[in-house]
Amino acid sequence: MSRKIEVNLDEAMQLFLFLEDLNQFFHSPTHYCDAAAVVAYVEGGMYDKLREMYYHVIPGWLPENILTELENRRSPVEE
């Protein structure tokens, strides 16, 4: 059974555009193989957009119990 949530259309569009921007940057290895280009990309506002999506937009879509479950799982970085 698939569970469903309702999302704000403007926020979904904002997430789509953010992912589109990430995809365009990471599509070409020449972008992320250059440390200066990565720094410029991140400092150019991408981290701010990521933080907004991660801390404000997506948590607003998820039920509390799911947020708790996600927050309590083992970090993929630690594995």
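Quick note: residue numbers are just sequence positions, from 1.
Annotation: the span from Lys49 atom NZ to Leu15 atom CG amounts to 12.0 Å, rounded to 0.5 Å.
Taking the six-membered ring where tryptophan is involved, the planes of Tyr41 and Phe26 are perpendicular, since the angle between them exceeds 60° and thus also 30°.
Across Arg51, Met46, Glu52, a single residue satisfies side chain to side chain contact (heavy atoms under 4.5 Å, CB included) together with Asp48, and that is Arg51.
Counting only residues at least two apart or on different chains, the side-chain hydrogen bond (donor to acceptor under 3.5 Å, both in side chains) pairs with a member in residues 56-73 are Glu11-Trp61.
Between Leu67 and Pro59 the shortest heavy-atom distance is CD1-O, 3.5 Å.
At a threshold of 4.5 Å between non-hydrogen side-chain atoms, the residues Asp21 and Leu17 do not count as touching. Leu70 has its side chain within reach of Leu62: a pair of non-hydrogen atoms, C-beta onward, lies under 4.5 Å apart. The shortest side-chain heavy-atom distance between Gln14 and Met53 falls under the 4.5 Å cut-off.
Note on Ile5 and Val57: same hydrophobic cluster, where clusters join Ile, Leu, Val, Met, Phe, Trp and Tyr whose side-chain heavy atoms are under 4.5 Å apart, directly or indirectly.
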